[in-house]
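First up is the structure itself, then whatever we jot down about it.
Protein chains get the first letters and strands the later ones, always in sequence-line order, with residue 1 at the start of each.
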2 protein chains.
Amino acid sequence: MTLRHAILGLLSKWDATGYDIKKEFDDFMSIFWHSHLSQIYPELNKLETEELVTSRLIPQEGKPHKKVYSITDGGIEEITNWVGSPPEIPKIKDSFLMQVFFMDNISVDQVIFQLKYYQGVRQKRLDEMKLTVQEAWKSIKERQTMTPRLLMSSAVLRRGLEQEVQYIKWCEETIQLVEACKSLWDPDASLDSVLPFEEAKDLMEEYFNAAVGLEED
Amino acid sequence: MTLRHAILGLLSKWDATGYDIKKEFDDFMSIFWHSHLSQIYPELNKLETEELVTSRLIPQEGKPHKKVYSITDGGIEEITNWVGSPPEIPKIKDSFLMQVFFMDNISVDQVIFQLKYYQGVRQKRLDEMKLTVQEAWKSIKERQTMTPRLLMSSAVLRRGLEQEVQYIKWCEETIQLVEACKSLWDPDASLDSVLPFEEAKDLMEEYFNAAVGLEED
DNA sequence: AACTCATATGTAAATACTTATATATAAATA
DNA sequence: TATTTATATATAAGTATTTACATATGAGTT
């Protein structure tokens, strides 16, 4: 039921085609949503039969015709109600964290490789996002205006950015921890090469305290 | 295709019933995964026909019988391959961030209310998680042993914790920003009560820099 | 005494989402 | 020149997920 609100929310800002909506999803909104055209088009149809949106056909030369959707008063009411309704904690599906959770099944070197690889992928994403922010920031300064709309989308953008920054930092610190605890993986290690528990404990405490105070007694 | 890996991963640690797996999902694994029993049972059946797991019936007195699943060599191979396969950035669906994105449709007071409410919900979740960590930590110190398995699940746990901490901090700082920019919402405000652009710009810059350096020129 | 919760396994139906296919043209790239 | 990409809409088929239903018992709560 959230896809309809993603669509209505966008149409409360501008008129748009299904294709436009998809581009918006893939661009800025990818921080918190995604969807395929094959899901967007039927949803727009449903919204039209429910009279939350209306459409008009716009013929184009050389390109396929456009079906431009506009929001109705009913649609505005629906999206406004939803935005003000009690928020829920989204149920996460993070397949990489799941891989990490089961990484005791592979070698330390593989673990470190996976973490480094993922860190790189996230870094690339962060770099792209930073470019977007800088462009947006430039145009805001040129226009010399600040609006609630800009404010709220900036809040979302900051959340997206800091999420990337923090994931990268987590990768880094986890690589360090695993590197320091390497000998735990080796069952054939001689006793003096095995990590003593006290040392592991200290490393872990440091690792946790870098992110959250555990205030334990 | 990830549910099967969640199940196989768990069965690579211990034998379990579908019911046990569901509890594990709802408990520790909720940081990165969730699923319903009505999806877990059919998936276990599929895994059995593919010979990645085997099952045996265990009758119980007073309670329904148990169907305990064990992983096979084929299952171990499958999960090991998957854990070592190239990780992908999960596509996020965060309906709260979407609500925030469209919050220019409601009043400032409602915006602040929504943010405060969500912060509270997240805080409650963090408090629960902290309790779990403290218990786990106590038992680790009692057992005086550290293993790759414990290490990797600790890494996931830390990620979960810091995610909560950061979301709470984001709520706090966003509330402050919105509070400071309140006058933007009021179209009837007299000119001198409207937030000047320069002031808004400074507030925004501070807001972004608290999380990420934008290194702009 | 009636209701809810935890244990335990399942099926059925409905919804949501992904992947593949179909059509049509212009522009850009290999 | 052939392929890919972008524009634009749409359907079909398959997979994944959620919600509802069905059954059974013991323990705890209202």
Side-chain angles (χ1 to χ4, degrees), chain A residues 1-8 10-11 15-27 29-30 32-50 53-69 88-95 98, chain B residues 1-8 10-11 15-27 29-30 32-50 53-69 88-95 98:
Chain A
M1 289 298 282
T2 320
L3 172 61
R4 69 191 301 109
H5 297 121
I7 293 174
L8 288 173
L10 272 184
L11 293 178
D15 288 0
T17 65
Y19 196 78
D20 293 336
I21 291 167
K22 168 65 172 164
K23 276 193 289 184
E24 214 54 43
F25 280 6
D26 290 346
D27 187 33
M29 290 173 79
S30 65
F32 58 83
W33 203 256
H34 68 272
S35 189
H36 291 266
L37 279 169
S38 56
Q39 205 187 353
I40 294 166
Y41 287 126
E43 192 64 43
L44 280 166
N45 266 320
K46 257 192 265 172
L47 288 170
E48 196 169 20
T49 58
E50 292 176 44
V53 303
T54 55
S55 72
R56 59 187 192 282
L57 276 175
I58 296 188
Q60 293 189 116
E61 287 161 45
K63 286 177 188 177
H65 66 277
K66 275 186 180 184
K67 201 167 174 184
V68 179
Y69 288 88
E88 279 163 45
I89 295 187
K91 285 170 192 169
I92 312 157
K93 292 211 166 171
D94 186 331
S95 61
M98 186 155 109
Chain B
M1 291 293 285
T2 320
L3 172 62
R4 67 192 300 109
H5 297 121
I7 293 173
L8 287 173
L10 272 184
L11 293 178
D15 288 0
T17 66
Y19 196 79
D20 294 336
I21 289 167
K22 169 64 172 162
K23 276 194 289 183
E24 213 55 41
F25 280 6
D26 290 345
D27 188 35
M29 290 173 78
S30 65
F32 58 83
W33 203 255
H34 67 272
S35 189
H36 290 267
L37 279 169
S38 57
Q39 206 187 356
I40 295 167
Y41 288 126
E43 191 64 44
L44 280 165
N45 266 322
K46 257 192 263 173
L47 288 170
E48 197 170 19
T49 57
E50 291 176 45
V53 304
T54 56
S55 72
R56 56 186 193 283
L57 276 174
I58 296 187
Q60 293 187 115
E61 288 160 46
K63 286 178 189 176
H65 66 276
K66 275 186 181 184
K67 201 166 170 183
V68 178
Y69 287 89
E88 279 164 45
I89 295 186
K91 285 170 191 167
I92 311 156
K93 292 214 166 171
D94 186 331
S95 60
M98 186 154 110

What's the separation between atom NZ in B:K22 and atom CG in B:D26, rounded to the nearest 0.5 Å? 3.5 Å

Over how many whole Å does the gap from A:D26 atom CG to D:dT5 atom C1' extend? 14 Å

DNA chain C: 5'-proximal contact among A:L3 and B:K66 (nearest heavy atom): B:K66

Basic-acidic side-chain contact under 4.0 Å: A:D27, A:K23: no

Can you find a side chain N or O atom of A:Q39 that sits less than 4.0 Å from OP1 or OP2 on C:dA16? no

Considering only side-chain heavy atoms of B:K93, which listed nucleotide, D:dT7, C:dC17, C:dT18, is closest? C:dC17

Hey, is CD on A:E50 packed in by over 12 heavy atoms from elsewhere, all under 6.0 Å? yes

Minimum-distance nucleotide (side-chain atoms of B:W33 versus C:dT18, D:dT19, D:dT17): D:dT17

Output the rounded distance in Å from NE2 (B:H36) to P (C:dG10). 18 Å

Quick check for you: to the nearest 0.5 Å, what is the distance between B:D20 atom CG and B:L11 atom CG? 9.5 Å

Expressed in angstrom and rounded to an integer, what is the separation of B:L37 atom CG from D:dT19 atom P? 14 Å

So, A:R56 and A:D15, do they make that salt bridge, N to O below 4.0 Å? yes

Between C1' on D:dT9 and CD1 on A:I21, what's the gap in Å once rounded to a whole number? 13 Å

Nearest-angstrom distance from the residue atom CG of A:N45 to C1' of D:dT11: 11 Å

Separation of atom CZ in B:R4 from atom P in D:dT15, rounded to whole Å: 12 Å

Do the side chain of A:S38 and the base of C:dT19 come within less than 3.5 angstrom through a donor-acceptor pair of N or O atoms? yes

Looking at D:dA8, C:dA16, C:dA12, which one has an atom nearest to any side-chain atom of A:P64? D:dA8

Can a side chain N or O of A:Q60 be found less than 4.0 Å away from OP1 or OP2 on D:dT7? no

Less than 4.0 angstrom between a side-chain N/O of A:H65 and OP1 or OP2 of C:dA24, yes or no? no

Length of the line joining B:Y69:OH and C:dA8:C1', which is rounded to integer Å: 12 Å

Picking from C:dT9, C:dT18, D:dT7, which would you name as closest to the side chain of A:Y19? D:dT7

Nearest-Å distance, CG (B:L57) to P (C:dT7)? 19 Å

Starting the side chain at C-beta, find the nucleotide from D:dA16, C:dT9, D:dA10 nearest to B:Y41. C:dT9

Quick one: is D:dA27 close enough that its OP1 or OP2 comes under 4.0 Å of any side-chain N or O from B:K63? no

